[in-house]
Amino acid sequence: MKRMNTSLRPLSALLLAVLILQGCNALNPLCGSARPAPGIASLSVATVTFLQVQQGFVLVVNGTDILASSVVVVNGTTLTTQVLSNRQLQVTLTTSVITGPGPASVNIHTPSGNSGNLGCTSGGNSHALTLTIT
């Protein structure tokens with residue numbers, strides 16, 4: 001049986017560390033393309049009437065680290081989302097998502113993409129803000 005070339009030992013140790021610590025982006029050289037988790041800062045309005053929702057209300061969601069693949073999620077339902085910039089998203093609220101008056105939970109989701117399959121922390125969900133429907 002051949003012995004491992006001593007010049008390959010540091011590389012082997014690094015590879016082993018990457019395999020063992022897959023979730024650690026800092027040590028995984030394959031995580032350079034990992035997507036950031038989005039942040040949510042504010043909504044264009046805090047309150048909207050149910051009549052406005054029935055007519056199709058356009059809501060702008062302001063945040064950080066928004067990518068072309070980011071989407072708005074309202075009450076657990078992913079909406080068709082227009083990305084305006086890396087800080088703004090736009091959706092139309094309808095009665096298919098908002099069924100009546102009350103609070104609605106709004107957050108931003110960015111999918112992990114391929115780097116999530118490599119054990120990298122990638123994408124994720126922002127915390128939620130509450131939109132009040134009167």
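All residue numbers refer to positions in the sequence shown, counting from 1.
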Least distance between heavy atoms, [X] atom then [Y] atom:
X	Y	answer
Pro38	Gly124	CD-O, 3.4 Å
Phe50	Ile98	CE1-O, 3.4 Å
Val83	Ser70	CG2-O, 4.0 Å
Gly63	Ile108	CA-CD1, 4.5 Å
Val60	Gln88	CG1-NE2, 3.6 Å
Ile66	Arg87	CD1-C, 3.5 Å

For the pair Leu89 and Val91, evaluate side-chain contact (heavy atoms from CB on, under 4.5 Å) and give the outcome as yes or no after the intermediate values. CA-CA 7 Å; Leu89 300 163; Val91 294; 5.7 Å; no

Calculate, to the nearest 0.5 Å, the distance between atoms CG and OG1 belonging to Leu67 and Thr110 respectively. 5.0 Å

Working to the nearest 0.5 Å, report the span between CD1 of Ile133 and CZ of Phe57. 9.0 Å

Side chains of Asn75 and Ser105: does their closest heavy-atom pair fall under 4.5 Å? yes

If Ile, Leu, Val, Met, Phe, Trp and Tyr residues are connected whenever their side-chain heavy atoms lie under 4.5 Å apart, and connections chain through other members, are [X] and [Y] in the same group?
X	Y	answer
Leu43	Val58	no
Ile40	Val72	yes
Leu59	Val71	no
Leu129	Val45	yes

Partners meeting side-chain hydrogen bond (donor to acceptor under 3.5 Å, both in side chains) with [X] (sequence neighbours left out):
X	value
Asn125	His109
Thr130	none
Ser96	Thr94
Thr81	none

Quick one: side chain to side chain donor-acceptor pair (under 3.5 Å) pairs with a partner in residues 42-56, sequence neighbours left out? Ser42-Asn62, Thr49-Gln52

Applying side-chain contact (heavy atoms from CB on, under 4.5 Å) to Leu131 and Leu93, what does each step give before you reach the verdict? CA-CA 11 Å; Leu131 176 66; Leu93 301 177; 3.4 Å; yes

Any residue meeting side chain to side chain contact (heavy atoms under 4.5 Å, CB included) with Thr77, in chain and number order, not counting sequence neighbours: Leu79, Val97

